[in-house]
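Given the structure is predicted, the values throughout are model-derived calculations rather than measurements. Order of appearance sets the numbers: ligands from 1, and atoms from 1 within every ligand.
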Amino acid sequence: MEENKPVALITGASRGIGKAIAIKFAKEGYNLVVNYVSGNTDIESLRKEFLEFGAKTVFIKTDVTNLEDCEKMAKTAIDEFGKIDTLVNNAGITKDNLLMRMKEEEFDQVININLKGTFNVTKSVIPYMMKKREGRIVNISSVVGVSGNAGQSNYAASKAGIIGFTKSVARELASRNILSNAIAPGFIGTDMTAVLTDAVKENINNQIPLKRMGLAEEVAEAVYFLGGKNNTYITGQVLNVDGGMIM
Ligand code: NAP
C-alpha cells in the first residue's frame with residue numbers, strides 16, 4: 001500500500017475530459033484511480049501515459065449505475081492506496097432528442113449514468129473521507145444544467161440534479177471538512193461533441209463570447225482548482241468553464 005501521495009478517483013477517465021483531469025492530477029503529484037466502463041480502452045498505454053508524470057494508477061472497469069460495484073471500486077482504491085483525497089464524478093453520456101420523440105429509456109439511461117452514478121460513487125467514497133475528516137468532491141455538471149437546452153431535457157435535468165446534489169453534499173459534509181463543488185463546462189471538444197455537424201459547431205461558436213469550443217485541459221485546470229489540495233475554503237459552488245456562454 002502506497003500512502004504518501006494524495007489520491008484522486010476519477011470516473012469516466014479513459015478519454016475526453018476525464019482523461020485530461022487524470023493527467024492534471026498526475027502532474028500535480030497524485031496517484032490515480034481511473035474508472036471506465038467499456039472494453040475499448042487501451043489500459044496499458046494509458047498507464048504509461050500517467051506514469052510519465054509519476055502517477056501510479058489503478059484502473060477499474062465499473063458501470064457507475066451499479067451501487068454495489070461502486071462500493072467495490074471504492075474498497076479497491078482503499079486497499080491499494082489507503083485513502084481517497086479527491087473524487088471527481090465525471091462519467092456521463094448524452095441521448096439527445098426532442099421531448100416529443102424522447103423514449104423513456106433515453107431519459108432513464110441519462111439520469112441513471114449522470115445523476116444516479118454521481119450519487120452511487122459519492123455514497124461509496126464518503127465513508128472513507130468522513131473517517132479521515134477530509135475530502136474534496138468535484139461533480140461535472142454542464143451549462144445546460146443551468147440554462148436548459150432544446151433537445152436535451154434528459155441531459156439538462158441530470159446536470160441540474162447534479163448541482164442540487166453538490167450543494168446538499170456541501171452542506172451535509174462541511175462539518176467533516178469535505179468540500180463539494182461542481183464544474184459546468186460549456187461546449188468542449190471531445191468524443192461527446194465530435195458527433196455535431198460543422199454547421200451546428202459554427203452556430204455554437206457564434207454564441208460563445210470567446211468564439212471557440214473549450215479544451216478538455218481547460219476544464220481540468222478548473223477541476224484541480226476546486227478539487228486539489230490548495231482549495232480549503234470553497235464549497236457548494238458551481239464554476240462555469242464555458243468561454244463566457246453563461247454570465
Ligand atoms: P466522453 O468523451 O464521451 O467520455 C465519457 C467518459 O465517461 C468515458 O470515459 C466513458 O467510459 C465514461 N462512461 C460513460 N458511461 C459510463 C458508465 N456507465 N460508467 C462509468 N463510466 C462511464 O465525454 P466527455 O465529453 O469527456 O464528458 C465528460 C463529462 O463532462 C460528462 O459528464 C459530460 O456530461 C460533461 N460535459 C461535457 C461537455 C462537452 O462539451 N464535452 C460539456 C459539458 C459537460 P468508456 O471510455 O469506457 O466508454
Item to complete: Answer with side chain, backbone, both or neither: which part of Ala184 has a heavy atom less than 4.0 angstrom from an atom of ligand 1?
Response: neither

Fill in: Glu106/Arg101 salt bridge by N-O under 4.0 Å criterion
no

Discussion item. Taking atom NZ as the centre, does Lys201 end up with more than 12 heavy-atom neighbours from other residues, nucleotides or ligands that are less than 6.0 angstrom away?
Written reply: yes

Worksheet item: How far is atom 30 (O) of ligand 1 from its nearest protein heavy atom, and which residue and atom name does that atom have?
Response: Ile140 CG2, 3.3 Å

Item to complete: Mind checking whether Asn90 contacts ligand 1 via backbone (N, CA, C, O), side chain (CB onward), both or neither, at a 4.0 Å heavy-atom cut-off?
Response: both

Fill in: Top protein contact for atom 33 (C) of ligand 1, by heavy-atom distance
Tyr155 OH, 3.4 Å

Worksheet item: How far does OG1 of Thr232 sit from CZ of Arg136, to the nearest 0.5 angstrom?
Response: 7.0 Å

Worksheet item: What atoms of ligand 1 come within less than 4.0 Å of a heavy atom belonging to Thr62?
Response: 19 (N), 20 (C)

Discussion item. Less than 4.0 angstrom from a charged side-chain N to a carboxylate O is my criterion; do Lys24 and Glu221 meet it?
Written reply: yes

Item to complete: Do me a favour and list the nearest non-hydrogen protein atom to atom 11 (O) of ligand 1 with residue, atom name and distance?
Response: Ser14 OG, 3.4 Å

Worksheet item: Judged by non-hydrogen atoms, does Thr193 sit under 4.0 Å from ligand 1?
Response: yes

Practice prompt. Would you mind running through ligand 1 and noting each atom that sits below 4.0 Å from a heavy atom of Gly12?
Written response: 6 (C), 7 (O), 8 (C), 9 (O), 12 (C)

Worksheet item: For atom 26 (O) of ligand 1, which protein heavy atom lies nearest, and how many Å away is it?
Response: Ile17 N, 2.8 Å

Worksheet item: Should the proximity of Thr190 to ligand 1, defined as any heavy atom under 4.0 Å, be assigned to the side chain, the backbone, both, or neither?
Response: side chain

Worksheet, complete the sentence: So for Lys159 against ligand 1, with non-hydrogen atoms under 4.0 Å, the contacting part is side chain

Worksheet item: Quick one: does Gly189 get a heavy atom under 4.0 Å from ligand 1?
Response: no

Discussion item. Quick check on contacts: which atoms of ligand 1 are under 4.0 angstrom from a heavy atom of Gly16?
Written reply: 2 (O), 26 (O)

Worksheet entry | Test item, Ser141 contacting ligand 1 (heavy atom, 4.0 angstrom) | yes

Practice prompt. For the residue pair Phe165 and Phe119, categorise the inter-ring angle as parallel (less than 30°), tilted (30 to 60°) or perpendicular (more than 60°).
Written response: perpendicular

Worksheet entry | atom 47 (O) of ligand 1: the protein heavy-atom neighbour that sits closest, reported with distance to 0.1 Å | Ser38 N, 2.7 Å

Discussion item. Assess whether a salt bridge exists between Lys229 and Asp85, defined as any Lys/Arg side-chain N lying under 4.0 Å from an Asp/Glu carboxylate O.
Written reply: no

Worksheet entry | Protein contact of atom 14 (C) of ligand 1 - nearest heavy atom, named by residue and atom, plus distance | Ile93 CG2, 3.9 Å

Discussion item. For atom 40 (O) of ligand 1, what's the nearest protein heavy-atom neighbour? Residue, atom name and distance, please.
Written reply: Ile188 N, 2.8 Å

Response to the item:
When distances are taken from atom 2 (O) of ligand 1, the protein heavy atom at minimum range is Arg15 NH1, 3.6 Å

Practice prompt. May I ask you to decide whether Lys75 forms a salt bridge with Glu71, counting only side-chain N to carboxylate O separations under 4.0 Å?
Written response: no

Worksheet entry | Under-4.0 Å heavy-atom contact with ligand 1, by part of Ile113 that carries it | side chain

